[in-house]
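These notes are about the structure you will find just below.
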Amino acid sequence: MPRLPGVNHPFAIRALGKAGFQVIRQGKHTIMSNGVRIVVIPRHNPINSFTMGKIVKDAGFTIEEFTRLL
């Protein structure tokens, strides 16, 4: 499985937005949902690669699918 590099939070939010996720709430973390799944994105740069991998998995994507959205 390819490794996902650390990603800045605005890029992660934009990529998930392209996939149909909408911002529900913002604070220290951004909460996004597509109506079925909810993901929590920390607002710090860059987001750790392990954390980003977990966010991608929670969103229901593979690493390859997410990198195409970036």
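Predicted model only: the values in this text are computed from it and were never measured. Side-chain atoms are counted along with the backbone in the values below, which use heavy atoms only and exclude waters and symmetry mates.
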- prompt: Is any side-chain heavy atom of Pro42 closer than 4.5 Å to a side-chain heavy atom of Ile55?
  reply: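 Result yes, sub-4.5 Å side-chain heavy-atom pair found.
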field: Hydrophobic cluster identity match, Leu70 and Val56, side-chain contacts under 4.5 Å
entry: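 Yes; tracing contacts between hydrophobic side chains, which count when under 4.5 Å, links both residues.
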message: Test of understanding: clusters of I, L, V, M, F, W, Y form through side-chain heavy atoms closer than 4.5 Å, transitively. Do Val23 and Ile47 belong to the same one?
response: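 Yes; tracing contacts between hydrophobic side chains, which count when under 4.5 Å, links both residues.
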- request: With sequence neighbours left out, write down each residue that passes salt bridge (Lys or Arg N to Asp or Glu O under 4.0 Å) with Lys54, or none if nothing qualifies.
  value: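 For Lys54 the salt bridge (Lys or Arg N to Asp or Glu O under 4.0 Å) partners, ignoring immediate neighbours, are Asp58.
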Measure the [atom1]-[atom2] distance between [X] and [Y] for me, rounded to the nearest 0.5 Å.
{"X": "Gln26", "Y": "Ile31", "atom1": "CD", "atom2": "CD1", "result": "9.5 Å"}
{"X": "Thr62", "Y": "Lys57", "atom1": "OG1", "atom2": "NZ", "result": "13.0 Å"}
{"X": "Ile63", "Y": "Glu65", "atom1": "CD1", "atom2": "CD", "result": "10.0 Å"}

- prompt: Between Arg37 and Phe21, which heavy-atom pair has the shortest distance, and what is it?
  reply: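 Reported closest heavy-atom pair: O-CE2, 3.8 Å.
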Give every donor-acceptor pair under 3.5 Å between a side-chain atom in residues 5-19 and any protein atom, sequence neighbours left out.
{"from": "His9", "atom 1": "ND1", "to": "Asn45", "atom 2": "OD1", "distance (Å)": "3.1"}
{"from": "Lys18", "atom 1": "NZ", "to": "Leu69", "atom 2": "O", "distance (Å)": "3.1"}

